[in-house]
Amino acid sequence: MVPEAWRSGLVSIGRVVGVLFLLGALHKASAVVRYEILEEREKGFVVGNVVTDLGLDLSSLSARRLRVLSGASRRFFEVNRETGEMFVNDRLDREELCGTVPSCTVTLELVVETPLELLRAEVVIQDINDNNPTFPTREMKLEISEAVAPGTRFPLESAHDPDVGSNSLQTYELSLNEYFALRVQTREDGTKYAELVLERALDWEREPSLQVVLTALDGGTPARSATLPIRITVLDANDNAPAFNQSLYRARVLEDAPPGTVVVRVHATDLDEGPNGEIIYSFGSHNRAGVRDLFSLDLLSGVLTIRGRLDFEDTKLHEIYIQAKDKGANPEGAHCKVLVEVVDVNDNAPEITVTSVYSPVPEDAPLGTVIALLSVIDLDAGENGLVSCEVPPGLPFSLTSSLKNYFTLKTSAALDRETVPEYNLSITARDAGTPSLSALTVVQVRVSDINDNPPQSSQSSYDVYVEENNIPGVPILNLSVWDPDAPQNAHLSFFLLEQEAETGLVGHYFTINRDTGIVSSVVPLDYEDRREFEITVHVSDGGTPVLTTNISVNIFVTDRNDNAPQVLYPRPGRSSMEMLPRGTAAGYVVTRVVGWDPDAGHNAWLSYSLLGASNQSLFAVGFHTGQVSTSRPVQDTDVPRQTLMVLIKDNGEPSLSTTATLTVSVTEESPEARAEFPSGSAPREQNKNLTFYLLLSLILVSVGFAVTVLGVIIFKVYKWKQSRDLYRAPVSSLYRTPGSSLHADAVRGGLMPPHLYHQVYLTTDSRRSDPLLKKPGAASPLASRQNTLRSCDPVFYRQVLGAESSPPGQQAPPNTDWRFSQAQRPGTSGSQNGDETGTWPNNQFDTEMLQAMILASASEAADGGSTLGGGAGTMGLSARYGPQFTLQHVPDYRQNVYIPGSNATLTNAAGKRDGKAPTGGNGNKKKSGKKEKK
């Protein structure tokens, strides 16, 4: 019965009458709200404010995308996102939705996102009395023998009412008559059925037929009813009626039993004989609809078999009524009931429904991030309906159950888009039946990229070799750099960083393509200007935050033969006159042509040759040294003025060359006179200033005499003590470590090893005398000093070694030419035992050592304080080269030359021109020697 409050309108229709239930979940609490509503409500009817009841924020409802999910095929309810009210969206017919189930509940799942939540609402559909009871037939016919005793019951057709509860079929009523009464019975499932009870014996002779009306009433207000006319035919008597051996039969059958399976066999007996004792079985008249479709009954044997397909999920228990009649003229029937219980089998596989998927997932998503919600349903019962879900092992995902039949897909490990950018998850749902049934669904999860990888390079530094004079703009290096992130984060930008000590270097020499990373030069590179560059390439990606990588690039400029040799002496554009006395023997060194090439390596190897001369037979030029010497004695027939053109050529490809022009004057003047008086006006100048010098000497001699005598005494004592300590000292102390090695332009190579150094010993009048050189390769400084002392003046020898010492044996005369000794010559003229006209040396070190020695000579000449013979500024080439070779002819190359220790360089004694021994030797007499005695 519908409560009076609903009919009177005291309670507004659709108002929430349920209570909130809180269900525990694994990761979040999921609320359940229940509403009750009458069926057949119009579309748009408001059930309740589900947003308020669930405690959601109405302002964020649209952003969180509230959705209503239902297992039914039709959407009966929707939610207004602006007001939060849930309203009826389709016709609600409780009988259509739930049939005869007493409680009709529609379960709704509400899904909101950001964060992902699953909520639940239940709407109970209450029944209204909107259906009349109905009988399966319009009229019922009964044949009753007059011999039937009072009290006999006759089952009647049952009415059917789709409504439930108080609105369902409640009772039956029978029209007034004198023979029959009505008894209303209740089945085990609670349904009502009527039986006609004979209260007074029939008399066929008095009343062969009669009619009563059966009325079925439900419990609604107002009550609804249905009528069934019953036409009763009175038959002649049949004394014995059939009787079943039991009134109730029970059977169990599997739901997948095939047609023809025997369910049960009913048995009835009749005490009559003949046709009155033969029994025929049939289904009772008040069986439910569909029983005859599922089961079949053998008319003679009473065997009940399966005819159709049973379904446990549809009907779990079948109630079948069977009657038995004999074949007599007036057959009487007996009735029994068969209860068939359908046993469930695992014949339904689980059904998976993906309700929501959160994709793409950032690769830095924390553990436990919800990816998807899944609903799994299995129509079987018991263990056959227990479902478990699983994902393939080894994947960073897991499944947890938050509500019954609902599973949450979460991350269980860190994601990495660069390793796996997309997952196709095969989710398997499996029940607990035997055999187990399963269902498979695929959920696609894409992983979105974050900028977690800096740019990467195949190598951290690059070494690039570029030939000088390259074409600007031509690429010299293409950097191999990549970023494993997604395209938007992997967009690379390249920049060149400035070095702190070299601001402006990058923009002046090099540039890089910002998008491709191609490095090119802005200007042609010059090996002679700069030979090595160190730049840093800064690579950044396009992500947020920006990740960067620095790559070191070393650019080495290689040399090419682009510089012709340069003439250091004689200096181009200046007149140079060399003096050659007549009668000079062959091999006399007139001068030396000094060349220099800014290139390096083989390109800087120079060779000299005589290109042209007034007399080709008189002069020869050293192939490697550039020494100009006489190839035969100078004769009186030789012209007094000789012009020589020397070709200086490098060893590059192609070879470059230049020429130097010399003028040699053949004179009658002796070399000693030239060395004594470099200028013809010198005697006159000395006479002119003689008075001044005499006056100055008189003034200073008295003051300086005492100082001089004292200084000489101290000096002699110091020398004597030094020589005594020298010979008494241990051998190890004599081998002193020389000074710093001679280095000239380290990029072009080392010029000479550290043991090639020189020690110079000079007399008191060193301005006019020649230095004595220690030859390279001497056994020790002691041996070098002894060799030097052997060639000194005996007086000086005694001053150093003591009064009783005497000079060693006769010394061999020195070389008559100006050149180095065989051990001192670099290249093939020295260590490789070459000759002046031999081929170019194979060893680059020898050649560059020669070149450095020449540059060292030039540097000493430019220094101005050198103690070399030939006077200051003559580069140690002796006085015979004349005053023309001064500092103005020599470029300053001292920035590339370092000479440790003494400033002394090579020179030549004036006596070498005449083939005499050096000054200070035994038996050598010359003007400079006289001056030394003074």
Side-chain angles (χ1 to χ4, degrees), residues 1 95 100 102 129 131-146 148-202 207 209-235 241-244 247-249 282-292 317-325 331-339:
M1 301 291 289
E95 289 76 22
T100 59
N129 192 22
N131 292 283
N132 294 325
T134 58
F135 286 96
T137 60
R138 292 189 177 187
E139 186 181 31
M140 183 178 179
K141 294 180 181 182
L142 289 177
E143 294 179 352
I144 303 175
S145 175
E146 62 178 351
V148 174
T152 304
R153 298 173 182 268
F154 300 94
L156 301 179
E157 292 280 356
S158 296
H160 176 68
D161 192 342
D163 296 326
V164 296
S166 61
N167 295 325
S168 63
L169 181 65
Q170 297 296 322
T171 187
Y172 292 90
E173 295 180 357
L174 186 66
S175 62
L176 296 176
N177 64 89
E178 58 180 324
Y179 295 100
F180 298 95
L182 188 67
R183 296 289 184 269
V184 179
Q185 304 291 338
T186 304
R187 299 186 183 94
E188 290 184 2
D189 59 356
T191 59
K192 309 287 186 179
Y193 67 95
E195 291 180 342
L196 196 62
V197 180
L198 182 63
E199 292 185 343
R200 180 182 176 183
L202 297 176
E207 193 174 3
S209 66
L210 55 92
Q211 182 175 348
V212 295
V213 177
L214 178 65
T215 303
L217 297 172
D218 63 16
T221 303
R224 293 176 178 267
S225 63
T227 59
L228 176 67
I230 302 174
R231 189 175 298 277
I232 302 173
T233 301
V234 181
L235 302 176
F244 285 96
S247 62
L248 178 65
Y249 292 86
S282 63
F283 286 106
S285 59
H286 53 275
N287 282 303
R288 288 188 177 184
V291 169
R292 289 177 174 86
L317 181 67
H318 293 276
E319 191 173 328
I320 305 172
Y321 295 91
I322 298 176
Q323 67 180 0
K325 290 184 178 182
E332 293 185 3
H335 300 83
C336 72
K337 181 167 64 174
V338 179
L339 295 179

*asked:* Under the criterion side-chain contact (heavy atoms from CB on, under 4.5 Å), I'd like the reasoning laid out for L210 against T233: C-alpha separation, chi angles, the key distance, then a yes or no.
replied: CA-CA 7 Å; L210 55 92; T233 301; over 6 Å; no
How long is the straight-line distance from [atom2] of [Y] back to [atom1] of [X], given to the nearest 0.5 Å?
X: I230; Y: S175; atom1: CD1; atom2: OG; answer: 8.0 Å
X: L182; Y: N177; atom1: CG; atom2: CG; answer: 10.0 Å
X: S209; Y: L202; atom1: OG; atom2: CG; answer: 11.0 Å

Side-chain contact, heavy-atom cut-off 4.5 Å: [X] with [Y]?
X: T152; Y: V197; value: no
X: V338; Y: I322; value: yes
X: M140; Y: R231; value: no
X: F154; Y: L198; value: yes
X: T137; Y: L228; value: yes
X: I320; Y: Y249; value: no
X: L196; Y: L174; value: yes
X: P136; Y: H160; value: no

Counterpart residues, salt bridge (charged side-chain N to carboxylate O under 4.0 Å, His left out), relative to [X] (two or more places apart):
X: K192; result: none
X: E157; result: none
X: R187; result: E319

Where [X] and [Y] come nearest, the two heavy atoms and their spacing:
X: T221; Y: N129; value: N-ND2, 4.1 Å
X: P133; Y: A216; value: CG-O, 4.0 Å
X: A334; Y: P242; value: CB-O, 2.9 Å
X: N167; Y: D218; value: O-CB, 3.3 Å
X: I232; Y: F180; value: CD1-CE1, 3.3 Å
X: F135; Y: A226; value: CE1-O, 3.4 Å

*Could you list the residues that satisfy ring-ring contact (aromatic ring centres under 6.0 Å, His included) with H318, not counting sequence neighbours?*
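So H318 forms a ring-ring contact (aromatic ring centres under 6.0 Å, His included) with F295.
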*asked:* Could you work out, with ring-ring contact (aromatic ring centres under 6.0 Å, His included) as the rule, every residue matching Y321, not counting sequence neighbours?
replied: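 For Y321 the ring-ring contact (aromatic ring centres under 6.0 Å, His included) partners, ignoring immediate neighbours, are H286.
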Restricting to side-chain hydrogen bond (donor to acceptor under 3.5 Å, both in side chains), what partner residues turn up for [X], sequence neighbours left out?
X: S282; result: Q323
X: R288; result: D189
X: Q170; result: S168
X: E207; result: Y179

_Pairs satisfying salt bridge (Lys or Arg N to Asp or Glu O under 4.0 Å), at least one member in residues 158-179, at least two apart_ =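 Of all non-adjacent pairs touching residues 158-179, those that pass salt bridge (Lys or Arg N to Asp or Glu O under 4.0 Å) are E178-R200.
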*Carefully, step by step, assess L156 and Y193 under the rule side-chain contact (heavy atoms from CB on, under 4.5 Å).*
CA-CA 7 Å; L156 301 179; Y193 67 95; over 6 Å; no
*Would a distance-only check, ignoring hydrogens and angles, find a side-chain to backbone donor-acceptor pair under 3.5 Å from S225 to L217?*
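Such a contact is absent between S225 side chain and L217 backbone.
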*Considering residues at least two apart in sequence or located in another chain, which fulfil the side chain to side chain contact (heavy atoms under 4.5 Å, CB included) criterion with A181?*
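With neighbours one apart ignored, the set is R183, E199.
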*Can you list the residues that meet the side chain to side chain contact (heavy atoms under 4.5 Å, CB included) rule with L176, with sequence neighbours excluded?*
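Here no residue qualifies.
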*Given R153 and Q185, is the side-chain contact (heavy atoms from CB on, under 4.5 Å) satisfied, shown in steps?*
CA-CA 12 Å; R153 298 173 182 268; Q185 304 291 338; 3.6 Å; yes
*Give a yes or no on whether K337 atom NZ has more than 12 heavy-atom contacts from other residues, nucleotides or ligands under 6.0 Å away.*
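Result for NZ/K337: enclosed.
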